Amino acid sequence: MSAARLAAAGRGRGVGRGMLRLIVGRRIRVAVADQRLLVRWASTPPAELRGPAALAGRWDPAQRGAWSVERLAARALLRMLLVEELGPAAGDTPLAAYPTGQPYLPDWPRIGVSLSHDAGTVAAALGLGVPVGVDVQTPVPAPPALLRRCCAPPVQAALDRLPAAVRDREFAWIWSVQEACVKATGAGLAGAPWTVPVPYRRRAGRWRDLRWRSLRGRSRVPVSVAWRLRGGAR
């Protein structure tokens, strides 16, 4: 399935057939999907992997093995957003990465992009003129040492009072915010996401020159997005 056809199939906001699409403020576009919706597209090489062999119909399986289906599905979702915002030509534009791992579009330097995938759920975000970060986190057991490292004492105390499954899900929401914020700065894990303060069960907030929002009530899997406040972004 081409990026343009995928965009047409997923047009419209909200949840439908395992896909969620949102406009956040004026400049942020976010999509979350079950990777199974994107498997057909992910079975073909993305633009940045195409070369003479691929053009001849010989995409090296060894090269394919270096790219997880989730990773390719996240890129397919990003291309859907690009087609919707910038037109069909943007669906095949190359995607590159800085040494920190932050993705960017060489042909569209003013468009911030971010990708995330975890346990079969993929997410993508566009920032129109602003850097953006998105993160998806499937809940897993959160040991006390991790809670102490990542949460302020009042937040940790609130989490400790919850049943284990609920606590793990609440922590996944917190960690998704922390990861989204450091992705938006371009630092990634080097930005020490565990130091980003996230209030208990908060849906939105600010950190330094960033604004963040969790997709609580919209996404069944914890997903959050963060973007830099610049040029009147809100």
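Since the structure is predicted, the reported quantities are computational estimates derived from the model, not experimental observations. When reading the values below, keep in mind they use all heavy atoms of this one structure, side chains included, and skip hydrogens, waters and symmetry mates.
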Answer yes if [X] and [Y] sit in the same cluster of Ile, Leu, Val, Met, Phe, Trp and Tyr residues linked by side chain heavy atoms under 4.5 Å apart, and no otherwise.
X: V198; Y: W173; value: no
X: Y104; Y: V225; value: no
X: L86; Y: L115; value: yes
X: L159; Y: V140; value: no

Does [Y] offer a backbone N or O that forms a donor-acceptor pair with the side chain of [X] under 3.5 Å?
X: E70; Y: T121; result: no
X: S116; Y: V136; result: yes
X: R79; Y: T93; result: yes
X: Q178; Y: P197; result: no

Check [X] against [Y] and note the closest heavy-atom contact, atom names and distance.
X: F171; Y: C150; answer: CE1-CB, 3.7 Å
X: P103; Y: L95; answer: CB-CD1, 4.0 Å
X: A184; Y: P131; answer: O-CB, 3.5 Å
X: T138; Y: D118; answer: N-OD2, 2.7 Å
X: W212; Y: V177; answer: CD2-CG1, 3.4 Å
X: L147; Y: A142; answer: CD2-CB, 3.9 Å

Residues passing the salt bridge (charged side-chain N to carboxylate O under 4.0 Å, His left out) test with R149, sequence neighbours excluded, are none
For E170, enumerate each residue passing the salt bridge (charged side-chain N to carboxylate O under 4.0 Å, His left out) test, keeping only those at least two apart in sequence or located in another chain. R201, R216
If you round to the nearest 0.5 Å, how far is [atom2] of [Y] from [atom1] of [X]?
X: S114; Y: W227; atom1: OG; atom2: CH2; value: 13.0 Å
X: R36; Y: D34; atom1: CZ; atom2: CG; value: 4.0 Å
X: K183; Y: L210; atom1: NZ; atom2: CG; value: 14.0 Å

Pairwise side-chain contact, [X] with [Y], heavy-atom cut-off 4.5 Å (strictly under):
X: P222; Y: P139; answer: yes
X: P94; Y: D107; answer: yes
X: R218; Y: V32; answer: no
X: E179; Y: Q137; answer: yes
X: V134; Y: S224; answer: no
X: V30; Y: R213; answer: no
X: R211; Y: V130; answer: no

With respect to V122, which candidate in M19, R75, R71, H117 satisfies the side chain to side chain contact (heavy atoms under 4.5 Å, CB included) definition? H117
Answer yes or no: are there more than 12 heavy-atom neighbours, outside R169 itself, under 6.0 Å from its atom CZ? yes
With sequence neighbours left out, write down each residue that passes side-chain contact (heavy atoms from CB on, under 4.5 Å) with E85, or none if nothing qualifies. R29, L126, L128
Any luck finding a side-chain donor-acceptor pair between S176 and D135 under 3.5 Å? no
